[in-house]
Amino acid sequence: MSDFEYEEEELFNVRGPSKSSRKRESNALQDLGEELMQLSRQQLEDLDLPENLFEAVRVGQTITAHGGLLRQRKYIGKILRSLDSGPIREGLSALRGETAALVRIQHQSEMWRDRMIAEGDAAVNAFVGSYPEADRQKLRQLSRESKKEREKSAPPRAARLLFKELRGVLERTLEMIPIDDDAGE
């Protein structure tokens, strides 16, 4: 067999991805589009998406009809096929990590608020021991007012302010922690 015949045979035997793998990839891109449609406008802007994809996702967020939503999902998948989805997936992962950190802060703030209302100054001192930049006097005042509100079954104005103050301290602490990209490897 000559080299030419061998090359010709090799060319005809080379096949692209199977139909099943193409469908799996298409469905994965449609799922990625679905994830994008769940984000807020600000989160989408933070991802720095191409304009046509951004607009398609924004339109998809307004569609309520089931059939229309399916068509828009497929359209977004089609746009994504022409793009490198790696940076978009990385951006989503970063957003998920940020969201997880914010949820953790939310839960910690609720826990500390409830503890301060129940235990009073002991919990305030424990919090300030862990987070020295916190305003001890303000936390003590808000926890006492919150306790009075609970006892009187009054609206939880002070409890909300206490929560807001705690969340602010925890968020500032999170911003000061250096992020090590190699930690997850």
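This structure is a prediction, so every number in the text was calculated from the model and none was measured.
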According to salt bridge (charged side-chain N to carboxylate O under 4.0 Å, His left out), who are the partners of K138, at least two apart in sequence or on a separate chain? E165
Walk me through whether L36 and L92 qualify under side chain to side chain contact (heavy atoms under 4.5 Å, CB included). CA-CA 8 Å; L36 291 172; L92 272 174; 4.2 Å; yes
Taking all atoms of both residues into account, what is the closest heavy-atom pair of L69 and G60, and its distance? CD1-O, 3.5 Å
L53 side chain near I88 side chain, heavy-atom distance below 4.5 Å: yes
Heavy atoms of other groups near Q137 CD, more than 12 under 6.0 Å: no
Hits for side-chain contact (heavy atoms from CB on, under 4.5 Å) against Q42, two or more places apart or cross-chain, chain-then-number order -> S40, E45, D46
Kindly work out whether a path of hydrophobic side-chain contacts (I/L/V/M/F/W/Y, heavy atoms less than 4.5 Å apart) joins V169 to L102. no
Please identify each residue that fulfils side-chain contact (heavy atoms from CB on, under 4.5 Å) with P87, with sequence neighbours left out. D84
Return the set of residues passing ring-ring contact (aromatic ring centres under 6.0 Å, His included) with Y131 (not counting sequence neighbours), or none when no residue passes. F127
State the CD1-OG distance between I79 and S85, to the nearest 0.5 angstrom. 13.5 Å
Taking only residues at least two apart or on different chains, which pairs with a member in residues 51-71 satisfy side-chain hydrogen bond (donor to acceptor under 3.5 Å, both in side chains)? R58-Q61
Mind listing the closest non-hydrogen atom pair of L83 and P50 along with its distance? CD1-CG, 3.8 Å
Listed once per pair and sorted, the side-chain hydrogen bond (donor to acceptor under 3.5 Å, both in side chains) pairs that draw on residues 101-110, sequence neighbours left out: none
Is atom CZ of F54 surrounded by more than 12 heavy atoms (other residues, nucleotides or ligands) closer than 6.0 Å? yes
Using 0.5 Å steps for rounding, measure from the CZ atom of R136 to the CD atom of Q141. 15.0 Å
Is the shortest side-chain heavy-atom distance between L166 and L139 below 4.5 Å? yes
So, taking the atom named CG in L95 and the one named CD in E90, what distance separates them when rounded to the nearest 0.5 Å? 12.5 Å
Measure the OG-CG distance between S130 and N125 for me, rounded to the nearest 0.5 Å. 11.0 Å
For L39 and V57, what are the C-alpha separation, side-chain angles and deciding distance, and is it a side chain to side chain contact (heavy atoms under 4.5 Å, CB included)? CA-CA 9 Å; L39 300 176; V57 169; over 6 Å; no
Looking at residues at least two apart in the chain, or sitting in another chain, which of them share a side-chain contact (heavy atoms from CB on, under 4.5 Å) with S143? M116, V124, L162
How would you list, by chain and number, every residue that makes a side-chain hydrogen bond (donor to acceptor under 3.5 Å, both in side chains) with E35, sequence neighbours excluded? R96
May I ask you to decide whether E34 forms a salt bridge with R73, counting only side-chain N to carboxylate O separations under 4.0 Å? yes
Non-neighbouring partners of R140 that pass salt bridge (charged side-chain N to carboxylate O under 4.0 Å, His left out), sequence neighbours left out: D121
Is it the case that one hydrophobic cluster holds both M37 and L44, taking links as side-chain heavy atoms less than 4.5 Å apart, direct or via other members? yes
By salt bridge (charged side-chain N to carboxylate O under 4.0 Å, His left out), which residues pair with E145, not counting sequence neighbours? R157
How close do R115 and A126 get, heavy atom to heavy atom, and via which atoms? NH2-CB, 3.8 Å
If every non-hydrogen atom of A159 is compared with every non-hydrogen atom of I117, which pair is closest and at what distance? CB-CD1, 4.3 Å
Tell me if a side-chain donor or acceptor on E171 pairs with a main-chain N or O of I105 at a distance below 3.5 Å. no
Distance col, row L80:CG vs D31:CG, nearest 0.5 angstrom, shows 11.0 Å
Close side-chain approach of V128 to E133, heavy-atom, < 4.5 Å: no
N/O donor-acceptor pairs under 3.5 Å from side chains in residues 20-29, not counting sequence neighbours:
| from | atom 1 | to | atom 2 | distance (Å) |
| --- | --- | --- | --- | --- |
| S21 | OG | S18 | N | 3.2 |
| S21 | OG | S18 | O | 2.9 |
| S21 | OG | S18 | OG | 3.3 |
| R22 | NH1 | P17 | O | 3.0 |
| S26 | OG | Q30 | NE2 | 3.4 |
| S26 | OG | R81 | NH1 | 3.4 |
| N27 | ND2 | K23 | O | 3.4 |

Sorted by chain and residue number, the salt bridge (charged side-chain N to carboxylate O under 4.0 Å, His left out) partners of D135 (sequence neighbours excluded) come out as none
